Colleague: 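Mind having a look at this structure? Questions to follow.
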Amino acid sequence: MRISQYLLATVKETPADAEIISHKLMIRAGLVRKLASGLYNWLPLGLKVLNNIEKIVREEMNKSGAMEVLMPIVQHAELWHESDRWEQMGEELLRFKDRHSRDFCLGPTHEEVITDLVRGEYTSYKQLPAIFYQIQTKFRDERRPRFGVMRAREFIMKDAYSFHINEESLQNTYEQMYQTYYNIFQRLGLNFRSVVADSGSIGGNTSHEFHVLADSGEDEIVFSTKGDYAANIELAVGNLAIKNSSEARKDSEIVNTGSEHSVEAVAGLLNIGVYKIIKTLIVHGEDEEGNISDELIALLLRGDQELNEIKAQKLQGVASPLKFASDELITKKIGCGVGCLGPSNLKLRKIADHSVENLFNFTCGANQPGKHITNMNWSEGCAYDEVADIRKVQENDYSLDGGGILSVKRGIEVGHIFQLGKKYSDALNATVLDSGGKAVTMLMGCYGIGVSRLVAASIEQNHDQKGIVWPENIAPFQLIIVQIDAHKSRQVADLSDSTYEKCIEMGIEVLMDDRDKKTSPGVKFAESELIGIPHRLVISSRSLAEDAVEYTHRQHGEKQKVKTNDLIQFLVKLLSS
RNA sequence: CGGGGUAUAGCGCAGCCUGGUAGCGCAUCUGCUUUGGGAGCAGAGGGUCGUUGGUUCGAAUCCAGCUACCCCGACCA
C-alpha cells in the first residue's frame, strides 16, 4: 500500500479523553475512531491488526477440532425466556421490538442460540463431543464503557461452546480448550497468566480466566511464588501471619476517641497498630427468596484487611449483590453510627473473618458515639456467631498450597473458560440418546476470547516512547519503505518503486511512504514509529551515495546499511519466515 | 445507577466571572522557500458557540429544562 493512497489517520496531540496508553496510541496511530460512547469505527490500519489476531485465533481453534459457525447478532426473546435470562440479565441486555412488537435483543453472548441449534441437529451420543465457535460482534450495554476498545459496548468476541455426553468428556474438552487458549496467547506474544475464576452470572462451576499482565488492567489477580496457585482476587484465598499471639491478655477499657472514625485515625490516636483493631462492617441480609431485607449483619475484619465483597455476598443470608447499610439505619438499630461499631454486646448476626479469629488485646468500637474499647478479648459478651473467609487477599500473604508467598498483580481479562454443566441444556431441553436409547441432557462448556480487546492489550505490552511496537505476527504491515527526496532524486524514486513492487510480488505486507515533498522526513520517521511497523527501510540520496539503503528494526532500534545489490536477498532473509 | 465535570472550526483549547466585533494553536487549501527527526514566510477557506426555552434593547456569556460525552465507585470478553 502506498501512503499517498491510504488513510493514515495519525494525530500529533494526545486525545483528551483517553486515559490509558493503548487507548491514546490507538487514536494517535489512527487504528480506531469513536462513533459514540463504547462504539468504535475500525480504520484500515486497525482492522488489519484485528484481522491478524482473528486469523491466529481461528487457526488455533480449527486445530483444536472446533467447527466455525456464525450466529445472528439479533436474537428473539423467547429463547431468553426459556433460559430465564430475559429478566435476569438486567440493563446490560439491549432489548427492542420489531415491527410486529415482538421482543428482541442484541446478543451479548450466545449460549441460548447455540443450545437451540444443537438440540435441533444432534440426536445421538455418537455425535459428541462437539465444539462450535464463532468470531462475531457482541453488544453489551455496559454501565460505563471506558478505555477505548478495552471496554466497549460493541466488541468482537470469539465465543465457543462444547457439548458432551458425560463429565469426563467435558473435562477433556475443557483441558483441550485451556491448552488452545494457552497456545493462542503464546503465539500473540503476550505476557499472560491463567487464574482460577469466579464463574459469575453465566453459571457453572469450574472456570479459568486468562489475563494479560498490565498495570492498567481492571482486574487483580493473585499468584503464588511457588507452586501453581493462581486466582482472581475475587475468590483468592491465602493465610495471614498471626501477629500478636504471644502477648499476655490484658483487661479491657473504654476510651474516648472523639470524632475519630477511620481505623487509621483511631490507631493513630491510641498509638497502636492498625492490625490490632477490629473493623465492623454492617450489611443488609437477604430473605429465603433472595430479596434484600432490613435484617442487618455485622462483618468483622482485622483493621489492616479489606473486605472481599464477592466472597461476602456468597454467604447464606447475606444480600447479593452486597449492600452496605446506611448510616441512618445503623444509628437507628444500634444507637451509634459507623465508626464506633464493634462486636461487643452487638445484637446482630456476626460473621468473623479468619483474620480476627486469633486476635488478642484488640481494639474495637464500643457501639457508643465517640467511644472504643481497647485490650478487648473474645468472651461471652464479645463473640462472633461464625467464621468465614471474607477477606481480600493481600500481597505477601502465605499461599495455602506449595508454601509460597502470594503476589498481587493487575491484569486485563482476555479469555474466560467455563464448565457450564447442564444450566442451559436443562433449561432448553437439549438432549441426545445414550447407548441405552435413553434421552440424556447434554453437558456444556463455553469459552470466550475478547478479540478486539486483545488489540488494546497487546499495545499495553508492546509500546515505547515513540509509539506502538507491534509483534511481527499481528503487525498491520511487515515493512515500511520511507523514501526521502524522491522529487529530487530519480534514483531514490526508482529504487523505492522497484523495491516496493518486488515486495508485493514476494507477498510481503509492505507500506510505502511515497508522500511528496510537503511531508518532511521527520514526519515520516515519527509516523513510521508511531504506527509500529516492525521493519523500516529508508531510501534516500544520502545512503545511495554509498550505494546502500538504511534498515532499522522498530523494536531494538538497531540500524544497518544494506548494499542495494544485496537488498532483495536481505528482505527475503528478513521476512520469509 | 450514585457522585463530579465538560460541550465554542476537522482536532486541542481560550473567551463566559463583569452581556455589545467569533478568537488562538494544530490540521486543510494556494504560492514561494526548506528537505535526515512532527519546517518557515505570505495568503485563503471553515463555526445557527450541543439543544430547547427564559431574562434583556441585545446572550457563546446570566437562568432553567433536555441531550451527549468524560472522570471516580458497584458489573464483565
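Just so it is clear, the values below take in all heavy atoms, side chains as well, and ignore hydrogens, waters and symmetry mates. Convention: sequence-line order gives letters A, B, ...; per-chain numbering from 1. Everything numeric here is computed off the predicted structure, so don't read it as measured data.
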Colleague: So what's U6(B) paired with, Watson-Crick or G-U wobble, going by both distances under 3.5 Å?
Modeller: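 A68(B) - that is the nucleotide pairing with U6(B), both distances being under 3.5 Å.
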Colleague: In whole Å, measure the gap between the P atoms of U21(B) and G58(B) for me.
Modeller: 14 Å
Colleague: Checking salt bridge (charged side-chain N to carboxylate O under 4.0 Å, His left out) for the pair Arg143(A)/Glu92(A): CA distance, chi angles, key distance, verdict?
Modeller: CA-CA 7 Å; Arg143(A) 296 160 200 218; Glu92(A) 201 173 289; 5.9 Å; no
Colleague: Below 4.0 angstrom from OP1 or OP2 of C71(B), is there any side-chain N or O of Arg144(A)?
Modeller: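 For C71(B), OP1 or OP2 has a side-chain N or O of Arg144(A) closer than 4.0 Å.
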Colleague: Given atom NE2 of His23(A) and atom P of C70(B), what is their separation to the nearest angstrom?
Modeller: 8 Å
Colleague: For Phe147(A) and C75(B), what is the distance between atoms CZ and P respectively, to the nearest whole Å?
Modeller: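 After rounding, the reported distance stands at 16 Å.
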Colleague: Determine, answering yes or no, if Phe525(A) is stacked on G36(B) under the 5.5 Å centre rule and the 30° plane rule.
Modeller: no
Colleague: For Ile449(A) and Glu19(A), take the nucleotide of RNA chain B holding the closest heavy atom to each; which residue's nucleotide lies nearer the 5' end?
Modeller: Glu19(A)
Colleague: When the distance from CG of Asp514(A) to P of U35(B) is rounded to whole Å, what number comes out?
Modeller: 21 Å
Colleague: Parallel, tilted or perpendicular, judged at 30° and 60°: which one describes the rings of Tyr181(A) and Phe210(A)?
Modeller: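 Tilted, since the angle between the ring planes falls between 30° and 60°.
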Colleague: When you compare U34(B) with U51(B), how far apart are their P atoms, in angstrom units rounded to a whole number?
Modeller: 47 Å
Colleague: Over all strands shown, is Glu527(A) touching base, sugar-phosphate only, or nothing at heavy-atom distances under 4.0 angstrom?
Modeller: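 Base: the residue Glu527(A), judged by heavy atoms under 4.0 Å, touches a nucleobase.
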Colleague: If you draw the axis of the six-membered ring of Tyr551(A), does the NZ or CZ of Arg536(A) fall within 45° of it and under 6.0 Å from the ring centre?
Modeller: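 No - Arg536(A) does not lie over the ring of Tyr551(A) by the 6.0 Å and 45° rule.
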Colleague: So Leu35(A), base contact, sugar-phosphate only, or nothing? Heavy-atom distance under 4.0 Å.
Modeller: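 If one applies the 4.0 Å heavy-atom cut-off, Leu35(A) turns out to touch nothing in the nucleic acid.
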Colleague: Heavy atoms only, 4.0 Å cut-off, all strands: where does Lys524(A) land among base, sugar-phosphate and nothing?
Modeller: nothing
Colleague: Take Phe139(A) and Phe155(A), measure what ring pair (Phe, Tyr, Trp, His ring centres under 6.0 Å) needs, and give me the verdict at the end.
Modeller: CA-CA 7 Å; Phe139(A) 190 92; Phe155(A) 60 99; 8.8 Å; no
Colleague: Could you work out which one of C1(B), C76(B), U35(B) sits closest to the side chain of Arg143(A)?
Modeller: C1(B)
Colleague: Under 3.5 Å, which N/O atoms of the protein pair with N/O atoms of nucleotides 23-33 of chain B?
Modeller:
unit_1: G25(B); atom_1: N2; unit_2: Glu13(A); atom_2: OE2; d: 3.3

Colleague: Using the C1' atom as the reference point in each nucleotide, state the distance between A39(B) and G15(B) in Å, no decimals.
Modeller: 31 Å
Colleague: Which heavy atom in Ala456(A) sits nearest to a heavy atom in Ser22(A), and how many Å separate them?
Modeller: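 Closest heavy-atom pair between Ala456(A) and Ser22(A): O-CB, 3.3 Å.
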Colleague: Check the distance between G37(B)'s P and Arg554(A)'s CZ and give it to me in whole angstrom.
Modeller: 17 Å
Colleague: With 3.5 Å as the limit, what N/O pairs link the protein to nucleotides 3-6 of chain B?
Modeller:
none

Colleague: Please report, rounded to the nearest Å, how far the C1' atom of C70(B) is from the CG atom of Leu39(A).
Modeller: 15 Å
Colleague: Return the 5'-most residue of the pair Arg536(A), Gly38(A) with respect to RNA chain B, ranking by each residue's nearest nucleotide.
Modeller: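 This one resolves to Arg536(A).
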Colleague: Is it the case that the side chain of Arg58(A) and the backbone of Ile135(A) share a donor-acceptor pair, with hydrogens and angles ignored and the cut-off at 3.5 Å?
Modeller: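 No, the answer is negative, given that no donor and acceptor are paired below the 3.5 Å cut-off.
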Colleague: Side chain of Ala526(A) only, please: which of A39(B), G37(B), G36(B) is the nearest?
Modeller: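 Of all the options, the side chain of Ala526(A) is nearest to G37(B).
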Colleague: Heavy atoms only: give me the nearest Val49(A)-Pro476(A) pair and the separation to one decimal.
Modeller: CG2-CD, 3.6 Å
Colleague: Output the rounded distance in Å from CD1 (Ile412(A)) to C1' (A77(B)).
Modeller: 12 Å
Colleague: Pick the C1' atom in G38(B) and in C11(B), then give their distance to the nearest Å.
Modeller: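 It comes out at 15 Å once rounded to the nearest Å.
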Colleague: Does any N or O in the side chain of Gln461(A) come within less than 3.5 Å of the main-chain N or O of Leu213(A), such that one atom is a donor and the other an acceptor?
Modeller: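 Yes, the answer is positive, given that a donor and an acceptor are paired below the 3.5 Å cut-off.
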Colleague: Applying a 4.0 Å non-hydrogen cut-off, can you work out what Ala152(A) is touching in the nucleic acid: base, sugar-phosphate, or nothing?
Modeller: base
Colleague: Is there a side-chain contact between Ser540(A) and the phosphate of G36(B), meaning an N or O under 4.0 Å from OP1 or OP2?
Modeller: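 The answer is no; no side-chain N or O of Ser540(A) sits under 4.0 Å from OP1 or OP2.
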Colleague: Mind checking the P distance from A74(B) to C29(B)? Whole angstroms is fine.
Modeller: 48 Å
Colleague: Measure from the side-chain heavy atoms of Glu142(A) and tell me the nearest of A77(B), U35(B), G36(B).
Modeller: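 Per side-chain heavy atoms of Glu142(A), the pick is A77(B).
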Colleague: Can you tell me the distance, in whole Å, between the NZ atom of Lys561(A) and the P atom of G36(B)?
Modeller: 14 Å
Colleague: How would you label the contact of Asp219(A) with the nucleic acid (heavy atoms, under 4.0 Å): base, sugar-phosphate, or nothing?
Modeller: base
Colleague: Can you spot which of Thr10(A), Leu25(A), Ile468(A) makes a side chain to side chain contact (heavy atoms under 4.5 Å, CB included) with Ile531(A)?
Modeller: Thr10(A)
Colleague: Out of C69(B), G38(B), A77(B), which has the shortest distance to the side chain of Arg28(A)?
Modeller: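 Closest of the options to the side chain of Arg28(A): G38(B).
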Colleague: Between the base of C76(B) and the side chain of Arg151(A), is there a donor and acceptor pair under 3.5 angstrom?
Modeller: yes
Colleague: What is the nucleic acid contact for Val538(A), judged by heavy atoms within less than 4.0 Å: base, sugar-phosphate only, or nothing?
Modeller: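 Base contact - Val538(A) has a heavy atom under 4.0 Å of at least one base atom.
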Colleague: Between Asp485(A) and Ser540(A), is there a donor-acceptor pair closer than 3.5 Å when you use the side chain of the first and the backbone of the second?
Modeller: no
Colleague: Let me know the distance between NE2 of His416(A) and C1' of C75(B), rounded to the nearest Å.
Modeller: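 Rounding to the nearest Å, NE2 of His416(A) and C1' of C75(B) are 13 Å apart.
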Colleague: Students often get this wrong, so: under 4.0 angstrom with heavy atoms, is Glu550(A) touching a base, only sugar-phosphate, or nothing?
Modeller: base
Colleague: Of the candidate nucleotides G38(B), A39(B), A77(B), which contains the atom at the shortest distance from the side chain of Arg140(A)?
Modeller: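 Nearest nucleotide to the side chain: A77(B).
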Colleague: How far, in whole Å, is U18(B) from C26(B) if one measures between their C1' atoms?
Modeller: 32 Å
Colleague: When we call it a touch if two heavy atoms are under 4.0 Å apart, what does Val414(A) touch: a base, just sugar-phosphate, or nothing?
Modeller: sugar-phosphate
Colleague: Rounded at 0.5 Å granularity, tell me how far CZ in Arg33(A) sits from CG in Leu43(A).
Modeller: 5.5 Å
Colleague: Please classify the nucleic acid contact of Leu322(A) as base, sugar-phosphate, or nothing, using heavy-atom distances under 4.0 Å.
Modeller: nothing
Colleague: Just to be sure I understand the rule, does Gly90(A) reach a base, reach only the sugar-phosphate, or reach nothing, if contact means heavy atoms closer than 4.0 Å?
Modeller: nothing
Colleague: Going by the angle between their ring planes, with limits at 30° and 60°, are His208(A) and Tyr174(A) parallel, tilted or perpendicular?
Modeller: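 Rings of His208(A) and Tyr174(A): tilted, as their planes differ by 30° to 60°.
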Colleague: Can you tell me if the side-chain N/O atoms of Ser37(A) get under 4.0 Å from OP1 or OP2 in C70(B)?
Modeller: yes
Colleague: Please answer whether the main-chain N or O of Arg515(A) pairs with a side-chain N or O of Thr519(A) as donor and acceptor at a distance below 3.5 Å.
Modeller: no
